[in-house]
Amino acid sequence: MQLSIIIVNYNVKYFLEQCLCSVESAIASLQAEVIVVDNHSTDGSITYLQERFPFVQFIANNENVGFGKANNQGLTIAKGDYVLFLNPDTIVPEDCFTKCISFFEKNNDCGALGIRMLDGSGNFLPESKRSFPTPMTAFFKLVGLAKLFPNSAVFNKYALGYLDENKNHEVDVLAGAFMMVRKEIIEATQGFDEVFFMYGEDVDLSYRIQQAGYKNYYFAESAIIHFKGESTKRGSLNYVKMFYQAMSIFVTKHYKSSTATVFSASIKIAIWIRAIIAIISGLATKWGLIIVDSIIIFSSLHLVEKTWVQYVRDGKHFDDKFLQIFIPGFTILFLLSAALSGIYDNLYKPSKALLASFSAIIILLAVYSLLPEQYRFSRGVILIGGFAAGLAITLVRWFLLQLNWIKETDEEKKFQQTVIIGSLDEFNQTMDLLQQADLQERVLGRIKINGDDDQAIGPITLIETLIKNYRIKEIIFCIGQLSYSEVLQQIQTLPKGVYFKFKGRISQSIISSDSKTTTGETLTAEGFYQIAQPYQKRMKRLLDVVFSLLIFISFPIHLLLLKKGYIVLSRAYCVLLGKQTWVGYIFSNQMLPTLKPSFLNHTYLPLAAREKMKSENLQKLDMIYARDYDWMQDFKTIVQQYKNLGS
């Protein structure tokens, strides 16, 4: 056996699906085995993947034992002369493994080998080659000097930025996302140190390989895609804390006590600094925009009021209560409506700004109609001022986008020009997946690989011209006629600002990741679930909270109307704490987006009728509920099943 490939999976089944598609192509000319260790995933990974990849050995853990321990589990059954530890969120080209093994055979001093890694946009990932951490390298990385001077041997020594990424080099640290090791060496060093739960294992193993008298090499003659961030949001404070704690363990284990003390102190300072940066960053985005919106709303209403007084009321001013009550009240209503409509989840969303103003206008007009005559002023000011505020916020959002101060969100990409590169059959399969996500309208057409027909908008040989002429912003690569090697070449040479998605030959999913700090996007044959979208999740939670509060306020009524009305109070308490939800699935289904346990299910069928139905039919009802979810469904369910709340 030449090669054993060990992959640790945790809740990234679609990325792993694409990874295994590429691995299958890369081991075609080798004697190789693939071992997947699943760390108690809750997304149905093994069930989904086993039938698709029968050549893979799956190990299912009953708990998440951590990255290092799971890799060691795979190592105990590995039979290959070389062992590759590979992340599930990677794609490898067809000649990758053969080139790596050839390098080992030509370099007897090579104990372990890492590779040139690219993110989902084709950009080089600096962590492909690193030095061992020291207090100074960590400090320069923390304060941003490494990023400011990426090619400096002083400021960016940790990422070895001064070494040419396109040439092979002897380095200190290899990334655990792709680490190929000689079997006898990994056995001699006893695999990963299991004291590291996540992060730092690769640094520690790289160090021990060097201590054993072998060299670690960065290999630039091949490259892989590493989407990153699929198991942990890499921009999150939790990631920073885990990463620096791992570095602390490493330094304490291998360095002198004085160095370890200095390093540990710097790590603690680093965590606090990053926490402060995270808070400031949040204020500068979401809270900063809320403050800006408040100023815009207040100013818009005040301007409309002044104009109305001058041209409609002939200079007759409104009561002082207008400024004291109406304008602040409208501002608060507008911001609440904006938050509920998701404007602060998607920082550039014109329709949500207008929806927020419309909602605030309706609510304020309703309140206005209930006010005593002496407190009324003008419906015209409400209408014009509200729409003026919505329009002004929309224009400000657009201006901030042009300055690149806020980013365009995925929802806006729905209207961009998308093309699919592949054969006609691959194009049709991909369109079927996009149709399930209601994204088929974004597709401009197909770029052909060979001269197979005249239906395509053009050939891949003219791809840069097509991107320019058609203003293409997104490309979906279908691997089949197009090889993984060709795809990797394309994403490195195509213009910046074009987003890439990938679909393997036998896969039933499309994956992408445009940023190393955020989790990627998946489109799957299993469906696109509305219940997992931020707006619907927020509205579902809001409904739970509002109804629970209503239960508390009107508790005596429920005692009279329900057989066991007292039960409702304890249930409302559980929902209010977020432990349960009012409406949920019939079954606990790992293949669907996760919901809290529920008191009611979404069907109106009595228990006797449900018991007569086949389980697969009931599971299909759950799937439809998740796919087509709207929070009004839950409201209707609560109303219609009200009597069941006390049972």
pair L205-I186: side-chain heavy atoms closer than 4.5 Å: yes

Pairs meeting criterion salt bridge (Lys or Arg N to Asp or Glu O under 4.0 Å) with involvement of residues 485-496, two or more places apart: none

Atom of I449, atom of G422 and distance for their closest heavy-atom approach: CD1-CA, 3.8 Å

Donor-acceptor contact present, side-chain K99 to main-chain F219, <3.5 Å: no

4.5 Å side-chain heavy-atom contact, L494 and I467: yes

Criterion side chain to side chain contact (heavy atoms under 4.5 Å, CB included) against V34, the qualifying member of L86, V56, L3: V56

pair I224-P93: side-chain heavy atoms closer than 4.5 Å: yes

Closest non-hydrogen atom pair between F58 and Q50, with its separation: CD1-CG, 3.4 Å

Salt bridge (Lys or Arg N to Asp or Glu O under 4.0 Å) against K183, all qualifying residues, sequence neighbours excluded: E187

Aromatic ring pairing F227/F15, orientation class (parallel under 30°, perpendicular over 60°, tilted between): perpendicular

With E165 via salt bridge (Lys or Arg N to Asp or Glu O under 4.0 Å) - residues at least two apart: R116

E17 and Q508 side chains, donor-acceptor separation under 3.5 Å: no

Partner set under salt bridge (Lys or Arg N to Asp or Glu O under 4.0 Å) for D172, not counting sequence neighbours: none

F178 side chain reached by L84 side chain, heavy atoms, under 4.5 Å: yes

Between N61 and Q73: side-chain donor-acceptor atoms closer than 3.5 Å: yes

Donor-acceptor contact present, side-chain S131 to main-chain K157, <3.5 Å: yes

Residues that Y217 engages under ring pair (Phe, Tyr, Trp, His ring centres under 6.0 Å), provided they are two or more places apart: F103

Backbone N/O of Y14 and side chain of Q18: donor-acceptor pair under 3.5 Å: no

Minimum heavy-atom distance between F500 and S121, given as atom pair plus value: CE1-O, 3.6 Å

Candidate pair I115 and M180, rule side-chain contact (heavy atoms from CB on, under 4.5 Å), full reasoning: CA-CA 9 Å; I115 203 164; M180 189 178 289; over 6 Å; no

Nearest non-hydrogen partners of Y162 and S152, listed with the distance: CD2-O, 4.0 Å

Listed partners of R182 passing salt bridge (Lys or Arg N to Asp or Glu O under 4.0 Å), at least two apart: none

Tabulate below the donor-acceptor pairs under 3.5 Å that side-chain atoms of residues 22-31 make, not counting sequence neighbours, or state none.
residue : atom : partner : partner atom : Å
S22     : OG   : C19     : O            : 2.7
S22     : OG   : V92     : N            : 3.2

With sequence neighbours excluded, residues passing side-chain hydrogen bond (donor to acceptor under 3.5 Å, both in side chains) with K215: D109

Whether S4 side chain and K79 backbone form a donor-acceptor pair below 3.5 Å: yes

Side chain to side chain, H169 and L160, heavy atoms closer than 4.5 Å: no

With S128 via side-chain hydrogen bond (donor to acceptor under 3.5 Å, both in side chains) - residues at least two apart: none

Over 12 non-hydrogen atoms of neighbours within 6.0 angstrom of CG in D164: yes

Gap between atom CZ of F85 and atom CD1 of I5 - 0.5 Å precision: 12.0 Å

Distance in Å, D89 CG paired with L16 CG, rounded so as to fall on 0.5 Å steps: 9.5 Å

Nearest-0.5 Å distance that lies between atom NZ in K501 and atom OG in S512: 4.0 Å

Step-by-step side-chain contact (heavy atoms from CB on, under 4.5 Å) determination, V443 to F427: CA-CA 10 Å; V443 178; F427 173 80; 4.1 Å; yes

Minimum side-chain heavy-atom gap I491-F477 below 4.5 Å: yes

T418 vs L434 side-chain heavy atoms within contact, under 4.5 Å: no

Parallel, tilted or perpendicular, as decided by the 30° and 60° cut-offs, for the rings of F55 and F53: perpendicular

Under the ring pair (Phe, Tyr, Trp, His ring centres under 6.0 Å) test, residues paired with Y82 that sit two or more places apart: F104

CD1 on I510 to CG on L433, rounded to 0.5 Å: 4.5 Å

E464 side chain vs P495 backbone, donor-acceptor pair below 3.5 Å: no

Residue pair R52 / I506: nearest heavy atoms and the distance that separates them: O-CD1, 4.0 Å

Short side-chain to backbone donor-acceptor contact, E201 and G66, under 3.5 Å: no

Smallest separation among heavy atoms of T189 and A212, with atom names: CG2-CB, 4.4 Å

Straight-line distance of I91 CD1 to I479 CD1, nearest 0.5 Å: 6.0 Å

Side-chain (S41) to main-chain (N11) donor-acceptor, under 3.5 angstrom: yes

Whether S102 side chain and T98 backbone form a donor-acceptor pair below 3.5 Å: no

Worked check of side-chain contact (heavy atoms from CB on, under 4.5 Å) between V65 and E63: CA-CA 6 Å; V65 298; E63 61 177 329; 3.7 Å; yes

Beyond-backbone contact of S206 with M179, side-chain heavy atoms, under 4.5 angstrom: yes

Intermediate values then yes/no, side-chain contact (heavy atoms from CB on, under 4.5 Å), N71 and L75: CA-CA 6 Å; N71 271 311; L75 187 60; over 6 Å; no

Atom CD of Q190: over 12 foreign heavy atoms under 6.0 Å: no

Residues forming a side-chain hydrogen bond (donor to acceptor under 3.5 Å, both in side chains) with N72, sequence neighbours excluded: E194

Residues in side-chain hydrogen bond (donor to acceptor under 3.5 Å, both in side chains) contact with N168, at least two apart in sequence or another chain: E221

Atom pair CD1 (I447) and CD1 (I463), whose distance is rounded to the nearest 0.5 Å: 4.5 Å

